[in-house]
Amino acid sequence: MSDNKEKNYTSLQYLKGVGPKRAEALASAGILIPEDLLFYFPRAYIDRAVISSIRQLSVSLRTEKDVFFNNIPNLKSENTLIARIINIQEKQYGKNRKMLICNIQDETAGAKIIFWNRIEYYSRSFKEGDLVAISGKPELDIKGTITFHHPELTKLDESEEVDFSKGILLPIYPLTEKMKSSGINNKALRTIIKSVLPLYLDNIKETLPEYILKSNKLPSIKDTISLLHFPENISQTNLANYRLKYEEIFFYEMFVNLIKSNFKQRYSGLSFNVKSQLARKLVDKLPFKLTDDQKKVIREIADDLSSGKPMNRLLQGDVGSGKTIVSLIIMLIAIENGYQVALMAPTEVLAEQHFRTISKFIDLISTDLKIILLTSGLKASSKKQNISEIEAGKANIVIGTHSLFENEIKYKNLGFIVIDEQQRFGVAQRANLINMASDSLSDSNTIPHILVMTATPIPRTLTMTLYGDLDVSIIREMPKNRKPVITKIIFESQINSVYDFLREQVNNGEQAFIVYPLVEKSEKLELKAATEHFKYLSEKIFPELSIGLIHGQMSWTEKESIMLDFLEKKYQILVSTTVIEVGIDIPDSNIMVIENAERFGLSQLHQLRGRIGRGDRQGYCFLVTKDNFKYQMARKGIKEDDQLAAIIRLKTMERTTDGFEISEVDMKLRGPGDILGLKQSGVPDFKYINIVQDGDIISKAKNQAISILGGDPHLRFTENNIIKDKILKMFKNSENYLRIG
Ligand code: ADP
Ligand code: MG
């Protein structure tokens, strides 16, 4: 887009075919000056060579249904058809609502389009006999007819019909409602752009250095624009699109890697001797062997520790992959180098759990290391005592929550910080923490090493963008003694066999979760439903067993205390209405029944299942769903895509326990935007790059960004001027982090 500050759209209205009313409509879509039109790209192309016929489409829709377990369809994908409207009818439905049904036909078969809104507009704009391009996501209706609901509809005039039959590509532009009502249809926009392009193309300046275009075989920006508006074939548009994607992600990668490298240059890191007696001794005394992945990440971390540069690393590994022991080994290295270490847990209960676990491990090597737990529950006197031991440097390991860094605690030589995160701990929070910690070190320009641990497996491409400023280590392999939880889809008519199985296991000393989803719209109704279900289970199904209930309306402390009761075996079964957020480990709970499992998201299901099967005994997870639930869902008006997605979720859970594989499927089903609430996470909304599909481009751009910064860390070379200027413009508010030029 153009960077002109003083934008007004008067210049547009004098263009051929525009005028004041259309200029206003274009302005509302962000098109303010003629150059903006050049960057208003088609959203699709109609290509006779690849366009499907109605018959092909209906065959592929039917088979898609049969094969989707193995080959997940792209649920968000669109299809484009060319067909003729054979009739248009308005139909009444409900009280005084109308819908518009268009029957269409091509040489192979017929199909249907339904509009629920803006009926007047559509019946005015389209007539019987029109040839139209239909783009949208088709469904098969009950009779098996292909049906589009509110597709993009583009009328093709005679000249376009001729072009199309000759095999010329027809670009389809995104049109806003305002454009449409001011008479800008696809054809009109194409004509406008055709007349603007030769006049203004020369004004467009290249935004990538020549050597980047060359090394990636990218078209120039001018060629890119021409190819997108007037392509001869699809491979040209692909090439042009590739350039846009590459450019977009390249600048983002430049930005995060600039932050990353500046960080390492600005501060010095502590250089540790990583040959640690304590660590060696602990590894020798462990009742298990470290997995290869654990060893691999320990090596990666150790390399950072001895590099003299501050470590800023993410350790990613599914629940139970053994991150704690990895962090403890690193802590011992730091301690032996004369530093204090801190472990920050997301909740107090988890801090306590870490304290117990780590104390037990430390007991194995019988040293006199001092481990301190800082929680709000401490008596004032013991808290004071703890704080003074930290200040005096007597404490070696300090464990707590956020409060570790919120109050006036003065650390003594804090050299290594572990953040065990639950929600994302952002760049700013980390920066804050680093500042506080570096005060405790004698050299004020030195900062401690930081390890962020997360149990949320996310796809690789998402990690690259979400945690772009961190180095990443991944544990994929689970400890050998961990048996994958056996997972089965169960229909409600089979539920009694599950209850029998559960009864038998519980009588053998196991504990079980029964999870009941949030279903009601109001909290009151929800609590009522959950309580009734709980009553039913405890009175009718398991009268002889002790059952607890935990639900979303309880306070955090109430939930915590119920979980602790469960841990102490006051209950044999815990009925839960929430994703069991409180991360207390219940080692003897090996069974989970998830009711109405089709209602849960994939990552939720994975997270839930992660609560069981943590010991060395076999875990079981039952995903209960309605008999013939597709029918049940269809009856409730749940869209076909969502029905398919629900089936894919359950089948995926049945097939694998690998969190990374599950997260890939999840991202395919939902798109990256919904995972982790990306909007709040600071990852930009990419216009061209698709985080799901463009992993290769992302890696390439990332590598190139790193290599450029390796040679020219402050972008001072003339050949990189273009990059420098664009980065400064794009990331105006981040100038403080970026030391360039
Ligand atoms: P998480 O990655 O979820 O933090 P933990 O560190 O809590 O996982 O480890 C889960 C359990 O597995 C702990 O009881 C831990 O002692 C055990 N564990 C860790 N590494 C191994 C291993 N290599 N072999 C067997 N058990 C292990
Ligand atoms: Mg953990």
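Counting starts at 1 for both ligands and their atoms, in listed order. Quick caveat, the model's predicted, so the values are computed rather than measured.
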Undergrad: Which of the listed options, Q294, K323, K295, Q316, holds the heavy atom that is closest to atom 1 (P) of ligand 1?
TA: K323
Undergrad: Step through the shown structure and confirm whether more than 12 heavy atoms of other residues, nucleotides or ligands are within 6.0 Å of CZ on R617.
TA: yes
Undergrad: Counting heavy atoms only, which of L315, T324, V326 comes nearest to atom 4 (O) of ligand 1?
TA: T324
Undergrad: Among Q607, H606, R476, which residue satisfies the side chain to side chain donor-acceptor pair (under 3.5 Å) criterion with D318?
TA: H606
Undergrad: With the threshold set at under 4.0 angstrom, would you say I475 reaches ligand 1 through any of its heavy atoms?
TA: no
Undergrad: Which option, P479, G610, G322, A455, owns the non-hydrogen atom nearest atom 8 (O) of ligand 1?
TA: G322
Undergrad: So is G317 close enough to ligand 1, meaning a heavy atom under 4.0 angstrom away?
TA: no
Undergrad: By number and element, which atoms of ligand 1 are closer than 4.0 Å to a non-hydrogen atom of V319?
TA: 3 (O)
Undergrad: Quiz question: by atom type and distance under 3.5 Å, do the side chains of T487 and E654 form a donor-acceptor pair?
TA: no
Undergrad: Within the 4.0 Å heavy-atom shell around T291, which atoms of ligand 1 are there?
TA: 23 (N)
Undergrad: Distance alone, cut at 3.5 Å: any donor-acceptor contact between the side chains of T454 and Q316?
TA: no
Undergrad: Which atoms of ligand 1 sit under 4.0 Å from any heavy atom of K289?
TA: 22 (C), 23 (N), 24 (N)
Undergrad: Verify whether the ring centers belonging to H449 and F272 lie closer than 6.0 Å.
TA: yes
Undergrad: Taking only heavy atoms of F361 into account, list the atoms of ligand 1 that are under 4.0 Å away from them.
TA: 16 (O)
Undergrad: Are more than 12 heavy atoms, taken from residues, nucleotides or ligands other than K289, located less than 6.0 Å from that residue's NZ atom?
TA: no
Undergrad: Mark up the atoms of ligand 1 that fall under 4.0 Å of a heavy atom belonging to L290, in ascending order.
TA: 23 (N)
